[in-house]
Amino acid sequence: MSGHGTPTPMTAHPGNGLSGTAEVPGDKSISHRALILGALSVGETRITGLLEGQDVLDTAKAMRAFGAEVAQTGEGAWSVHGVGVGGFAEPDDVIDCGNSGTGVRLIMGAMATSPVSATFTGDASLRSRPMGRITDPLALFGAQSAGRSGGRLPLTLTGAADPVPVRYATPVASAQIKSAVLLAGLNAPGETVVTEREATRDHTERMLAGFGAEVRVRDTEEGREITLVGRPELAAQTITVPRDPSSAAFPVCAALIVPGSDVMVPNIGLNPTRAGLYETLREMGAQLDYVNPREEGGEPVADLRARYSPDLRGIEVPPERAASMIDEYPILSVVAACAEGVTEMRGVAELRVKESDRIDAMAEGLRACGVTVEDGADWWRVTGRGAGAVPGGATVAARLDHRIAMSFLCLGMAARQPVTVDDAGPIATSFPIFEPLMTGLGAALHRGQG
């Protein structure tokens with residue numbers, strides 16, 4: 001069942017090659033952060049290219065609840081009049097973050113050092129996800145929380161009236177944990193320091209500096225150390241959001257496995273902390289080219305050209321690469337199923353606590369489609385069947401997870417028989433134009449079974 005209303009089954013049929021230009025939406029990670037830092041700044045922040053998926057819209061609604069003026073001024077264009085660091089007002093109602101783990105965790109961090117209380121909830125998937133990994137470090141600042149067992153939503157967080165700066169080493173590679181601590185550190189005196197053993201996406205550090213915060217980053221024996229000087233006055237900015245590399249993964253990977261495909265995906269963010277998938281695909285033998293590499297708004301971008309690659313081969317993905325592509329393992333496993341040989345993915349325990357247990361969800365669905373998969377607590381292994389050899393013909397459970405749904409629809413475009421997902425509704429949370437974009441490239445997607 002869906003947390004987004006009546007389930008919407010969708011079926012992908014094998015067909016002709018995909019071709020054309022895929023104008024994917026703005027980067028979700030950057031969109032969340034632009035709204036939150038705009039709300040914490042002084043003046044009017046103007047944002048273009050904002051992802052208008054439900055996850056980001058829920059964050060915009062939350063920023064209004066905390067007192068910022070947030071308005072849409074055009075397609076992908078938004079204006080945020082901020083309240084300044086420490087200026088959040090107490091919301092009048094529960095903050096519903098829908099399906100967004102990123103949204104709820106970053107918002108908790110942003111409010112944790114202001115003397116206000118807020119109650120957070122979300123859909124069935126988000127209510128099942130652990131929040132202790134966020135509330136534990138926020139408690140070090142002086143914030144207090146009360147939720148269901150395991151720190152699950154619904155959860156009430158009361159910000160610290162007299163916050164103290166924190167030094168914190170993240171226990172797992174997670175940009176959400178790091179970002180929540182840094183955002184909390186904005187309204188704490190002195191310096192807040194976060195150390196991560198493995199570098200995770202650094203959009204928060206880049207954007208904090210862009211808004212005027214003093215941020216220092218250095219490599220140490222313990223890992224990557226980020227120091228934030230507290231209580232800056234953040235100045236409103238004009239932000240252009242690059243296109244989302246995680247969303248781009250779907251048309252790119254579909255093009256690699258559907259015979260005759262040639263797809264261009266323009267203006268994709270290629271921040272090194274996000275581009276692990278594309279490095280991995282090239283190692284597998286993908287015909288994937290970076291065209292016109294450049295920098296926009298402090299973020300590296302390029303146009304990606306992806307062509308059908310019948311000679312893909314399985315590889316062992318380095319565990320240290322996991323942080324830079326954690327959301328892309330589901331679609332990578334689809335590519336692996338269409339490659340020759342074994343693809344092994346290790347160091348990916350984080351996948352078990354995403355919107356769903358993504359290792360189990362993909363393993364179960366791939367097996368139903370005729371692919372051999374082995375898995376353990378923090379690893380999985382896909383034995384590829386080669387180009388055009390995946391049987392398909394199954395209906396798989398999306399488990400309220402947008403990336404699981406989109407991954408199996410891409411598989412259905414390349415399999416011998418159609419693949420159906422039981423509910424494509426959650427796709428709207430991150431990639432609301434997925435269906436028209438893919439059909440515009442030539443994909444045979446249909447609502448309903450079979």
Side-chain angles (χ1 to χ4, degrees), residues 26-50 59 63 68 78 80 82-88 102 105-107 109-113 137 141 163 165-168 170 173-196 198-220 223-242 244-245 269-275 294-301 323-324:
D27 187 284
K28 185 166 71 165
S29 295
I30 294 175
S31 293
H32 281 300
R33 288 160 173 81
L35 289 168
I36 293 170
L37 287 177
L40 291 170
S41 66
V42 175
E44 180 188 11
T45 291
R46 294 181 178 272
I47 308 167
T48 57
L50 189 85
T59 293
M63 292 303 98
W78 289 69
V80 183
V83 296
V85 170
F88 273 178
T102 300
R105 289 169 173 147
L106 267 59
I107 295 166
M111 67 146 287
T113 47
F141 289 95
V166 164
R167 296 187 67 93
Y168 189 72
T170 58
S174 170
Q176 293 178 359
I177 298 174
K178 172 183 68 177
S179 297
V181 174
L182 290 173
L183 290 171
L186 280 172
N187 197 38
E191 296 184 345
T192 289
V193 181
V194 181
T195 302
E196 51 181 4
E198 299 175 30
T200 63
R201 59 186 64 177
D202 63 356
H203 303 305
T204 300
E205 298 97 297
R206 288 174 182 254
M207 196 173 290
L208 280 166
F211 273 85
E214 183 180 340
V215 181
R216 303 191 301 272
V217 181
R218 68 186 185 113
D219 292 325
T220 70
R224 186 168 175 265
E225 182 185 273
I226 306 102
T227 300
L228 170 73
V229 178
R231 294 187 170 163
E233 181 171 298
L234 301 181
Q237 299 294 308
T238 297
I239 297 173
T240 299
V241 179
D244 196 321
L270 289 176
N271 184 305
T273 62
R274 296 285 301 282
R294 56 202 182 274
E295 187 170 292
E296 293 182 4
E299 293 277 346
V301 300
S324 70

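All values below come from the heavy atoms of this structure, side chains included, with hydrogens, waters and symmetry mates left out. Since we're looking at a predicted model, the values are computed, not measured.
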How long is the gap from [atom1] on [X] to [atom2] on [Y], to the nearest 0.5 Å?
| X | Y | atom1 | atom2 | result |
| --- | --- | --- | --- | --- |
| I47 | W78 | CD1 | CH2 | 9.0 Å |
| E198 | S174 | CD | OG | 11.5 Å |
| T59 | K28 | OG1 | NZ | 9.5 Å |
| T192 | F141 | OG1 | CZ | 4.0 Å |
| E299 | D202 | CD | CG | 6.5 Å |
| L35 | L40 | CG | CG | 11.0 Å |

Return the minimal non-hydrogen interatomic distance between [X] and [Y], and the atom names on each side.
| X | Y | answer |
| --- | --- | --- |
| P163 | N187 | CG-O, 3.3 Å |
| V85 | P232 | CG2-O, 3.6 Å |
| A34 | I239 | CB-CD1, 3.9 Å |
| G49 | V241 | O-CB, 3.5 Å |
| A235 | S41 | C-CB, 4.0 Å |
| G212 | L234 | C-CD2, 4.4 Å |

For [X] and [Y], test the side chains for any donor-to-acceptor distance below 3.5 angstrom and give the result as yes or no.
| X | Y | value |
| --- | --- | --- |
| R33 | S179 | yes |
| T102 | H32 | no |
| T204 | K178 | no |

ask   = Given D27, which of R274, R201, H203 fulfils the side chain to side chain donor-acceptor pair (under 3.5 Å) condition?
value = R274
Is the closest side-chain heavy-atom distance between [X] and [Y] below 4.5 Å?
| X | Y | answer |
| --- | --- | --- |
| M63 | I107 | yes |
| M207 | I30 | yes |
| N271 | R206 | yes |
| P300 | P272 | yes |
| V193 | Y168 | no |
| T195 | T170 | no |
| L37 | L208 | yes |

Salt bridge (Lys or Arg N to Asp or Glu O under 4.0 Å): pairs with one or both residues in residues 35-48, sequence neighbours excluded = E44-R46
query = If you measure from the Lys or Arg side-chain nitrogens to the Asp or Glu carboxylate oxygens, is any gap between R167 and E225 under 4.0 Å?
reply = yes
ask   = Is the shortest side-chain N to carboxylate O distance from E205 to R216 below 4.0 Å?
value = no
query = T45 side chain to Q237 main-chain N or O, any donor-acceptor pair under 3.5 Å?
reply = yes
query = Which pairs, with at least one residue in residues 227-236 and sequence neighbours excluded, count as a side-chain hydrogen bond (donor to acceptor under 3.5 Å, both in side chains)?
reply = none
message = For a side chain to side chain contact (heavy atoms under 4.5 Å, CB included) check, start with the C-alpha distance between T113 and L186, then their side-chain angles and the critical distance, and finish with the verdict.
response = CA-CA 8 Å; T113 47; L186 280 172; 5.9 Å; no
query = Yes or no on side chain to side chain contact (heavy atoms under 4.5 Å, CB included) for V215 and I226, after CA distance, side-chain angles and deciding distance?
reply = CA-CA 7 Å; V215 181; I226 306 102; 3.8 Å; yes
